[in-house]
Amino acid sequence: MESELPLIGRAQSHAERVAILADSRSFRYREIFDRSARLASVLLDGSVDLEEARIAYLIPAGYDHVCAQWAIWRAGGISVPLSLSATETELMYTLNDSAASCVVVTRDLQRRVELLCQELGLRLLIIDDLDAAERISRLPELDKRRGALILYTSGTTSEPKGVVSTHETIQAQIESLVNAWKWQPDDSIPLFLPLHHVHGIINVMSCALWAGATIEPFPRFDLDSILKRVASDSYTVFMAVPTIYVKLSQRIDAMGDDEREAVVDGFSKMRLMISGSAALPASVHKSWAILTGQQLLERYGMTEIGMALSNPCEGERRPGTVGQPLPGVEIRLKSDQGDVVTDEGMPGEIQVRGKSVFSEYWRRPQLTADSFDDGWFKTGDMAILENGYYQIMGRQSVDIIKSGGYKLSALEIESVLIDHPSIHECAVVGIPDQTWGEGVAAAIVLHGDTELDLQTLRSWSQNRLSKYKIPKHWKVVESLPRNAMGKVTKPAVTQLFAIPNAELGDDNGPTSRLA
Ligand code: MLC
Ligand code: AMP
């Protein structure tokens, strides 16, 4: 038998433990290990090694998802998890950009990718059909420095870019968290976060599998089903974005006494509750502690680096801070003047070095080179160190928006909206939002005397953008605010949304022309 990647090899030592606990049945580590070898043979299709071919997969969280990912790795491929909420255009972009050769999908989702595969000439595999495969090929020996995973991230470019991690990178990310957060085989965690992002796929899924723990997957963030399981003391660990804690608090507040008591009790017994992917307001940290007795552990990370900073598992968790560097992660702050910040209280850009840092942006060598400063990855996030704890102060780019934990690119949304025949110009910004952290807002200038209604604009956008990227606030303006150089000034655009009236669809203000 080939020498296994550590994550997969470890499954043999947890063989009879339950890895995935789904509605209808549970799946043991041994089953995932055996099935992924059979699926890997199908993927290999007679060849000896996929040689880092990109294999995309559109599969909800659960047994099939893990089997597909491990099969791709064991066959020597790079896995490219696709977003379940992506539009056809977005799927097409990812498949094209990653130059995927094959898509693995569940039967239920086959229709979403069938035509795309035909159009792009890609092999389409329905995972449900593959179990008949009996022959197990010899699987390739894998060097850990080979590419393993491409996660797409939006940001300062108008097109999402693929972040390539090697097996070594992933292992470093997992080991750091398993150590810091003391993952144990008897841990159990619900998985409701999307698996095309590092929070769901590494922090929850891969760390749990590494530890031999149990994952309970939910096909989507189904608040009531999750709370029912919390009330029956099903979990020891819980990981979510701040928006989810806001939504959970709102739901619990609306409960009757008995239901509320059981849910609060379920949360209070967990050994660890974590928040990340966006700033957790200190007020939410405090109200959650009052409600459940749990001090949320806030940590900071990014697709390119995995997790970098974390409040302690044991020790003081300070609201409004992201703690200290995780094991194996080096952090420095670099000032606007280019100096390494040595004094507490002085702001600088967070720069990160260590084995958990990604290897490259897929097929974007210049962008990769520009993202490093003498071997340190430049996060674009600003922080200060205050009494030994790091505090995130904001981002360097006004074009990045964090909504409900998703990183969105204002430039990407603008580049879609500008294609609307009635839109002459537009500017997209994030505005403060109590639930989502930031809400996407679009200021638009219409062509001539064009008329436009909100419903039409929304449904037009839905065919082009994942729902969570669609602006929640719209405003029609005569012109966009610009500086002396003619460049749109985003802070002034944000200010437009502080002024009531004139929101397209919400109010027929003086500057909007509605159909
Ligand atoms: C859903 N909607 C959103 C949204 N999520 N709008 C803006 N921002 C979001 N994040 C839309 C829905 O499409 C819907 O639109 C309306 O809001 C209400 O939906 P909902 O059903 O109430 O939302 P829900 O499905 O519950 O989703 C909320 C959520 C989800 C928080 C569970 O957004 C989510 O999974 N976020 C996590 C993203 C994540 O994992 N990020 C980690 C990136 S990695 P309509 O029009 O139908 O009303 C990273 C690194 C790190 O950041 O440090 O971890
Ligand atoms: P992504 O590119 O989707 O991986 O998102 C990474 C970004 O999320 C970081 O660059 C930060 O801007 C933000 N982020 C993650 N965790 C936190 C946190 N705890 N507080 C503030 N911002 C965070």
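This is a predicted model, so every value here is computed, not measured. Every number for a ligand or one of its atoms is a count from 1 in the order of the listing. All values below were derived from every heavy atom in this structure, side-chain atoms included, with hydrogens, water molecules and symmetry-related copies excluded. For the single chain, residues carry numbers from 1 onward in sequence order.
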**Complete:** Closest heavy-atom pair, Tyr63 versus Ile20, reported as atoms and distance to 0.1 Å, is N-CG2, 3.9 Å
**Asked** Side chain, backbone, both or neither: which part of Arg220 has a heavy atom under 4.0 Å from ligand 1?
**Response** neither
**Asked** Of all heavy-atom pairs between Cys426 and Leu417, which one has the smallest distance, and what is that distance?
**Response** SG-CB, 3.9 Å
**Prompt:** Considering only heavy atoms, does Ala278 approach ligand 2 within less than 4.0 Å through its side chain, its backbone, both, or neither?
**Reply:** backbone
**Message:** I'd like the name of whichever of Gly405, Ser275, Gly404 reaches closest to atom 41 (N) of ligand 1 through any heavy atom.
**Reply:** Gly405
**Prompt:** With atoms numbered from 1 as shown, which atoms in ligand 1 lie under 4.0 angstrom from a non-hydrogen atom of Phe221?
**Reply:** 26 (O), 32 (C)
**Message:** Less than 4.0 Å from atom 25 (O) of ligand 1, is there any heavy atom belonging to the protein?
**Reply:** no
**Asked** Given Lys247, Met302, Arg299, which has its nearest heavy atom closest to atom 20 (P) of ligand 1?
**Response** Lys247
**Fill in**
When every non-hydrogen atom of Gly200 is compared with those of Leu191, the smallest separation belongs to O-CD1, 4.1 Å
**Message:** Tell me whether Gln434 at atom CD has more than 12 heavy atoms from other residues, nucleotides or ligands lying less than 6.0 Å away.
**Reply:** no
**Fill in**
A student checking ligand 2 against Thr153 at a 4.0 Å heavy-atom cut-off should list atoms 2 (O)
**Message:** In terms of relative ring orientation, are Phe358 and Phe372 parallel, tilted or perpendicular, with 30° and 60° separating the classes?
**Reply:** parallel
**Asked** Polar-atom distance check: Lys407 versus ligand 2, any N or O pair below 3.5 Å?
**Response** yes
**Request:** Considering only non-hydrogen protein atoms, determine which one is nearest to atom 35 (O) of ligand 1 and report residue, atom name and distance to 0.1 Å.
**Result:** Pro194 CD, 3.5 Å
**Asked** Can you tell me how far the CG atom of Leu151 sits from the OG atom of Ser79, to the nearest 0.5 Å?
**Response** 7.5 Å
**Prompt:** Hey, looking at atom 8 (O) of ligand 2, which of Lys402, Met302, Met393 has the closest heavy atom?
**Reply:** Lys402
**Item:** Region of Asp381 that comes within reach of ligand 2 [heavy atoms, distance under 4.0 Å]
**Value:** side chain
**Request:** Flag yes if more than 12 heavy atoms outside Lys378 fall under 6.0 Å of its NZ atom; otherwise flag no.
**Result:** yes
**Asked** Would Leu457 and Ile444 count as a side-chain contact (heavy atoms from CB on, under 4.5 Å) if you check the C-alpha gap in whole Å, the side-chain angles of each, and the deciding distance to 0.1 Å?
**Response** CA-CA 11 Å; Leu457 190 51; Ile444 56 180; 4.1 Å; yes
**Complete:** atom 13 (C) of ligand 2 has as its nearest protein heavy atom Ser277 O, 3.7 Å
**Asked** Do any nitrogen or oxygen atoms of Gly301 come within less than 3.5 Å of a nitrogen or oxygen of ligand 1?
**Response** yes
**Prompt:** For atom 52 (O) of ligand 1, which candidate among Lys402, Glu438, His197 holds the nearest heavy atom?
**Reply:** Lys402
**Message:** List ligand 2 atoms under 4.0 Å from Glu298, heavy atoms only on the residue side.
**Reply:** 18 (C), 19 (N), 20 (N)
**Spacing of CG belonging to Leu116 relative to OG1 belonging to Thr89, to within rounding of 0.5 Å** = 9.0 Å
**Message:** Any nitrogen or oxygen of Thr379 lying under 3.5 Å from a nitrogen or oxygen in ligand 2? Just yes or no.
**Reply:** no
**Request:** Please confirm whether His197 comes within less than 3.5 Å of ligand 2 when only nitrogen or oxygen atoms on both sides are compared.
**Result:** no
**Prompt:** Less than 4.5 Å apart, any side-chain heavy atom of Ser409 and any of Ile400?
**Reply:** no
**Message:** Among all protein heavy atoms in this structure, tell me which lies nearest to atom 1 (P) of ligand 2, with the distance rounded to 0.1 Å.
**Reply:** Thr303 OG1, 3.4 Å
**Asked** Any idea which atoms of ligand 2 are less than 4.0 Å away from a heavy-atom of Val322?
**Response** 19 (N)
**Request:** Provide, to 0.1 Å, the distance between atom 44 (S) of ligand 1 and the closest protein heavy atom, together with that atom's residue and name.
**Result:** Val198 CG1, 3.6 Å
**Asked** Would a 4.0 Å cut-off, counted as strictly less than, catch a protein heavy atom around atom 13 (O) of ligand 1?
**Response** yes
**Message:** Applying a heavy-atom cut-off of 4.0 Å, say which part of Trp436 lies close to ligand 1: side chain, backbone, both or neither.
**Reply:** side chain
**Request:** Say whether Arg299 and ligand 2 are in contact under the criterion: heavy-atom distance to a ligand atom below 4.0 Å.
**Result:** yes
**Request:** Apply side-chain contact (heavy atoms from CB on, under 4.5 Å) to the pair Lys469 and Tyr406, showing each step before the final yes or no.
**Result:** CA-CA 9 Å; Lys469 297 179 186 170; Tyr406 281 116; over 6 Å; no
**Message:** Within the 4.0 Å heavy-atom shell around Gly301, which atoms of ligand 2 are there?
**Reply:** 6 (C), 7 (C), 9 (C), 15 (C), 16 (N)
**Request:** Give a yes or no on whether the ring-centroid distance for Tyr468 and Trp436 is below 6.0 angstrom.
**Result:** no
**Prompt:** Atom CD1 in Ile201, atom NE2 in His65: separation rounded to 0.5 Å?
**Reply:** 4.5 Å
**Request:** Would you give the length of the straight line joining atom CZ of Arg318 to atom CD of Gln295, rounded to the nearest 0.5 angstrom?
**Result:** 12.5 Å
**Ser249 side, atom OG; Arg251 side, atom CZ - distance, nearest 0.5 Å** = 12.5 Å
**Asked** Where do Gly306 and Gln173 come nearest, in terms of heavy atoms and distance?
**Response** N-NE2, 3.3 Å
**Prompt:** If you measure from atom 17 (O) of ligand 1 to every heavy atom of Met307, Lys472, Lys467, which option wins on shortest distance?
**Reply:** Lys472
**Request:** Could you tell me the separation between the CD1 atom of Ile150 and the CG atom of Asp97, rounded to the nearest 0.5 Å?
**Result:** 8.0 Å
**Request:** Specify the protein heavy atom at minimum distance from atom 21 (C) of ligand 2: its residue, its atom name, and the distance to 0.1 Å.
**Result:** Ala279 N, 3.3 Å
**Message:** Looking at atom 29 (C) of ligand 1, tell me if a protein heavy atom falls under 4.0 Å from it.
**Reply:** no
**Message:** Looking only at protein heavy atoms, which one is nearest to atom 33 (O) of ligand 1, and what is the separation?
**Reply:** Tyr406 CE1, 3.5 Å
**Item:** Any protein heavy atom < 4.0 Å from atom 38 (C) of ligand 1
**Value:** yes
**Item:** Protein contact of atom 54 (O) of ligand 1 - nearest heavy atom, named by residue and atom, plus distance
**Value:** Ser277 OG, 2.5 Å
**Item:** Of the listed options Ala278, Ser403, Gly200, closest to atom 10 (N) of ligand 1 (non-hydrogen atoms)
**Value:** Ser403
